[in-house]
Amino acid sequence: MPPELARGAAGHIGPPTLAGAVVCRKVPGVINKSRLSVLLVRTALFFVAAVVLGFIYEWPSFAVIAAVMTGAATLVQLGGVLWLRRAERRDPESAKDPVRTDGFL
């Protein structure tokens with residue numbers, strides 16, 4: 001990769017800007033917003049299950065660890081969905097990429 005290009009979040013490549021952000025250009029194989037939203041819902045369901053099981057079993061160490069890890073994963077994925085939504089507002093053409101069903105679920 002040429003030195004004037006930097007790898008940004010979610011595998012997007014583009015020249016660095018003055019603010020340190022990266023101007024995004026689509027890279028094949030990067031997850032899109034709809035797939036990330038499905039993953040977010042699934043992770044949120046696991047978080048709810050971890051919290052419910054934590055209450056049932058009176059919060060043993062494994063339940064605390066499971067709730068913290070799935071909660072953190074849910075927050076990271078929510079941040080990714082919001083970031084992709086903002087990126088698609090700036091560049092509406094990026095939202096029109098065809099979605100492939102290659103066994104994600």
Side-chain angles (χ1 to χ4, degrees):
M1 178 180 341
E4 65 272 2
L5 296 180
R7 186 165 297 279
H12 287 55
I13 299 175
T17 62
L18 292 177
V22 175
V23 177
C24 294
R25 180 171 44 114
K26 283 286 190 172
V27 175
V30 176
I31 192 167
N32 62 12
K33 190 176 76 173
S34 64
R35 287 183 175 185
L36 186 57
S37 298
V38 169
L39 186 62
L40 171 65
V41 169
R42 287 175 28 188
T43 306
L45 290 175
F46 278 108
F47 175 69
V48 169
V51 170
V52 168
L53 289 174
F55 276 116
I56 290 173
Y57 291 108
E58 299 176 358
W59 292 105
S61 62
F62 69 85
V64 173
I65 292 169
V68 168
M69 291 181 71
T70 55
T74 302
L75 290 176
V76 168
Q77 291 166 9
L78 178 63
V81 168
L82 296 175
W83 184 82
L84 285 172
R85 182 186 304 170
R86 189 181 76 205
E88 287 176 356
R89 280 192 198 142
R90 280 186 280 159
D91 184 18
E93 290 299 316
S94 68
K96 296 180 181 178
D97 290 340
V99 176
R100 297 182 326 212
T101 57
D102 52 337
F104 176 68
L105 298 175

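Residue indices begin at 1 and follow the sequence shown.
Taking each heavy atom of L84 and I31 in turn, the nearest pair found is CD1-O, 4.3 Å.
Each of F46 and V41 belongs to its own hydrophobic cluster when Ile, Leu, Val, Met, Phe, Trp and Tyr are linked at side-chain heavy-atom distances under 4.5 angstrom.
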Could you pull out every donor-acceptor pair under 3.5 Å between side chains of residues 61-80 and any protein atom, sequence neighbours left out?
unit_1, atom_1, unit_2, atom_2, d
T70, OG1, A66, O, 2.7
T70, OG1, A67, O, 3.4
T74, OG1, T70, O, 2.8
Q77, OE1, T43, OG1, 2.9
Q77, NE2, T43, OG1, 3.3

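Grouped with V48 in one hydrophobic cluster are V52, L53, I56, Y57, the linkage being side-chain heavy-atom contacts under 4.5 Å among Ile, Leu, Val, Met, Phe, Trp and Tyr residues.
With a 4.5 Å cut-off on side-chain heavy atoms, L82 and R85 count as touching.
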